[in-house]
Peer 1: 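Below are the structure tokens for one structure; questions will follow.
Note that the coordinates shown come from a computational prediction; the quantities given were computed from them, not determined experimentally. First the proteins, then the strands, lettered A, B, ... as listed; each starts at 1.
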Amino acid sequence: MLIPFSWLSQYVDITLDPDELAHRLTMGGIEVGDVFTRGDWSGCVVGYVRATRPHPNADTLTLCEVDPGDGPALEVVCGAPNVAAGQKICFARPGVTLMNMHSGRREELKPATIRGVVSEGMICSEAELEISDEHEGIIVLPDDAVVGAPLDEVLGDTFLELELTPNRGDCLSILGVAREIGAITGQPVRVPEIGYAETDIGVDTLAMVTIEDPELCQRYTASVITGISIGPSPQWLQERLNRAGLRPINNVVDVTNYVMLEFNQPLHAFDLDAVADHHVVVRRAVDGEEFTTLDGVSRKLSPDNLLIADPAQAIGIGGVMGGANSEITANTTNMLLESATFHPLNNRRTSTDLNLRTEASLRFEKGLRPELAPIALRRATQLILETSGGQAAAGIIDVFPGAETEVPAVPLTVSRLRQVLGMDLDIARAETVLASLGITTRRTAPDSLEADPPYWRSDIAIEEDLIEEVIRIIGYDEVPTTMLSSPIPYHRPNEMTALKDGLRDALSAAGMEETISYPLVSAEDLDRLSVNGEVAGDSQVLRVTNPMSTEQDIMRPTLAASILNTLAYNRGHNDGGFRLFELGRAFLPQTTGLPIEQEIAAGVMSGPRHDANWLSSSEPLDFFDLSGTLATALGRVGIATSLESYDGAMFHPGRCARILAVAGPGAGVGVIGELHPDIREAFDLGTDPVVYFEVRLDDLLQAGPDAGRFESLSRFPAANRDLALVVPTDVPAARVRGLIERVRLVERAELFDVYTGENLPEGTRSLAFRIRFRAADRTLTAEDVNRAVNGLTRALEREAGATVRE
Amino acid sequence: MPDALSVESINQLTRDALDELNSIGESAGAEEWRVAYLGRRGKLTGLLRSLPQLEPDQRREVGSEANQAKNALEEALARRTREIAQAALASQDALDVTLPGRPVVTGRLHPTTQIVREICTAFMAMGFSVVEGPEVELDHYNFEMLNIPAGHPARDMWNSLWVDYVNEDGQQPMLLRTHTSPMQARVMEAQDPPVRVVVPGKCYRYEATDATHEWHFYQVEGLAVAEGITFADLKGTLYEFARRLFGEDRQIRFRCDYFPFVEPGVDMSISNFVDPDTGRRPINRDEDWIEIMGAGMVHPRVLEGVGYDPQRYTGFAFGMGPERIGMLKYGIDDIRHFYRNDVRFLRQF
């Protein structure tokens, strides 16, 4: 909403400088996004075109004799088609700084010879003055402009650009803003006097209105004006609309727009002779009814749409747009002026469904009070009589089915003010503030009052609304600053949040970098995760109806695509190995209701293990980098895991494992592996192995993260033995280690060498363990250890076919 | 036959021994020297052996001299041994200490995680608990329960991404939550007052992106409801928060703003005045006040909706964007950096 000071100051004296005013409005809830001044055309004056004659050397140019007001007339070359003798125009002499339309920069105007004629200045268009982009024609000033007057005084103005919240529709009008300024600065507000002469003919004899649906049309007022002549509006009216950002159309339509901007009430003018029987019927559309709005578009309607009609046909969509069949034309002589109150929700629905958001619907959807309709109607009737001639019939039509509904008064008590704000506020002070906003109040008790919201405000319904009115004008600085003194609620432990925080810390401490990505992916992303046409994720996915782009229309059923895309992006922009993880949600649709939002931790590694360095060679990161990191991180949050060979769809055959947690579900808590080369290629991830894990956090919670339990420390020394075992290749190392650690006195066993090759029987490999023995109650003798080793080798031979390598 | 035992002969022996010791460069030589002078058959030991043959008065003088000599030689030996060892270490290969160290891999948390934690920690210190909620939300919680019924013009404030799902009534009831505020109703439905929670989480809006707008972003919501909670408490709580995140001298300011689920509704700014000592602003933006969050007193209709008596209970709510806070704290110029996940960005925090 654009508010020109020139118009605003008609209703209220502006006693603050524009920036301070903007600040005060903003603090009070009317946000001023921008304050700007139009003008600064120093040296430009109002000129008068005394005479014109054609340019001798160019058909499209005119030579103008311009009176600059302070000296002899000057000869000026002008290329605008609309220049004519007798016009007051914007005249710029050489030396003045203006927008140069050729260079696109502000430059000093230089004397110029145009097609052999010296031009002693320029007649400006809006573009040269930076008012708009319009430079086809010159600006023609009002006839009463004083020749020689500085242009700043005539065209200069200051504007407030408002960024209104939806509750303050009243400030979609200049008067609304004036009232707000009045309350802030204590200046009185001047509401225009409304009054006009009427003929003896009663309006009821000329037209009739029937409301068939009082729910959707609470009030319909109308006046009838006969004998008007349609033409352009007077210049003052055009100028005001222009400055407020609306294009002038004709003297009737301009008045309806003017009064809308003044009072906030949209109005519509019908050509009375186009209304059958001069009878307006407000009704719902018939299903499928077609109607051509005055923008020339034919629209198909439903009973959800409210129509303004005559007995024969529709003539307008109520509160949205009028019809082409009944609009004011150059030939209109009799008109019916509508000022009505439509249902805000229905109005919004219609304008949304028809994709027809208009200045009218913008206001109706926020809710207008029915009291406003006749006020605006009379104001507009008055102005139409002034601008278009004609006579107004006596009285107005006022069909008001909602007349009985009283607007309830809103209470305000000192005790509630204290309860909500935490400060003591005198009731008299509240009264003063409310009065400054035009809200009338009555004392109902020494410490309480009742307020009547004024007809221009539809956002004050409850006590808290009044409290806000009071404090927003007083200012929130006056409210004291205190600390919460109510009891602190019990801090309910949140296991999932704690696990996520712990995992983030553990994974990052173990060298992985956290990423956070958009959870929307594309069908192509999910296709890329498939091998041989077999899709890894769930085939049921959750889609978004109106995605930001087709590349982001599916709520991800897995984190894999997100993190692989992140890896691909980074490979394209950065060198080096990547260790990335993300904690986020996968979305699994249900047949009804909200989807399951599965908390997932996923991670990926690829590229050289280290940046190039002089101490170690840079082998590519592999499965064991990731499995070691993950085991460490999970261990850090108290979850011991093991891996079990598994054939995962996304993975390189034979290089994938299920992640098992001791107390977790049998199917495991996640999966880890080297990506299948097809997927690696599909995501364009180069030739190094890409290793990936995904862990389901609710399964981890089920595995019961262990905060740790104290075990007493043995005072007695440990004994170490190294043992190389020859084991059939198909026996997993973890099983051998498990067998060893099951043996009494064994504290732990660490695998320190794996060997396959010469000197070993076919189908076997050598696994070497360093085994630590310890007893809690004594120092072990060599014999103790030997006995334990013997028992251990027998068990290994029996259970795993392992023999001690000699 | 050793020289005759006298003070003079002891001094002479000491001088000779020290000269010899100083010319020794290896630890083996030092050991030989020790044996030669201080050993059982060493020269000084030999001299001392004839001490009993002296007259008693002479014996005392010479004996004392001999003990001093012995101590001096032992000390000199110890010193020389250390020097030799030190020289031996120094002769080994010296390191080029400027060579890069052995690489250690370290990870880090996403900046959003860090800021969200910082925010939540500040409120936890004031008795708030952290709760989380669904990202795919029902219209009911995202709007209706927040006093934003269908058709309310305020819905324009939250352009939504709708989930492609139609229920039996032909409605499309699911969307990606446009704010974390739906958790206000969910939390209050699940418990009686007093309530004090913060809700971090992802939100989504159907909105064009630019340097300050993302369609996918985080919010941290806060809610405190109990008997006796006032706007003054809101001010105090957010003042503490602002000081904790932005420093002790931070001032806060409120202006009237509108959110349908609070009344009165406000927007909070933090001060950013030029420091007279440095001539700089604490936050690199040419504004005295910077808006960082919306807030207000919980609307009575929201309380009624969850079955709280709005005459008895009052409360406040607030909501802020951690990305914006991070951008202010770290001087990040474009919000789109956050979820592009370029490691060059991530590694700066």
Peer 1: Would you compute the distance between atom CG of A/Leu25 and atom SG of B/Cys256 and round it to the nearest 0.5 angstrom?
Peer 2: 11.5 Å

Peer 1: So, for B/Met174 and A/Leu542, which heavy atoms are closest and what is the spacing to 0.1 Å?
Peer 2: CE-CD1, 4.5 Å

Peer 1: Could you look at B/Ser269 and say if it's the side chain, the backbone, both or neither that has a heavy atom under 4.5 Å from chain A?
Peer 2: neither

Peer 1: So which part of B/Arg340 gets closer than 4.5 Å to some heavy atom of chain A, the side chain, the backbone, both or neither?
Peer 2: both

Peer 1: With sequence neighbours left out, write down each residue that passes ring pair (Phe, Tyr, Trp, His ring centres under 6.0 Å) with B/Phe231, or none if nothing qualifies.
Peer 2: A/Tyr476, B/Phe254

Peer 1: I need the minimum non-hydrogen distance between A/Pro519 and B/Glu135, along with the two atoms involved.
Peer 2: CG-OE1, 4.3 Å

Peer 1: Please test A/Arg543 against B/Val163 for side-chain contact (heavy atoms from CB on, under 4.5 Å), starting from the C-alpha separation and ending with a verdict.
Peer 2: CA-CA 6 Å; A/Arg543 283 173 192 280; B/Val163 170; over 6 Å; no

Peer 1: For B/Phe259, which atoms come within 4.5 Å of any heavy atom of chain A: side chain, backbone, both, or neither?
Peer 2: neither

Peer 1: Restricting to ring pair (Phe, Tyr, Trp, His ring centres under 6.0 Å), what partner residues turn up for B/Tyr339, sequence neighbours left out?
Peer 2: B/His110, B/His216

Peer 1: Would you mind checking which part of B/Val266 comes under 4.5 Å of any heavy atom in chain A, side chain (CB onward), backbone (N, CA, C, O), both or neither?
Peer 2: side chain

Peer 1: Looking at B/Arg117 and A/Asp505, is there a salt bridge between them, counting it only when a charged N and a carboxylate O are closer than 4.0 Å?
Peer 2: yes

Peer 1: Under 4.5 Å, heavy atom to heavy atom: which of residues 346-353 of chain A reach chain B? Give them by number, or say none.
Peer 2: A/Arg348

Peer 1: Kindly write out the residues that satisfy side-chain contact (heavy atoms from CB on, under 4.5 Å) with B/Asp96, not counting sequence neighbours, or none if the list is empty.
Peer 2: B/Thr98, B/Leu99

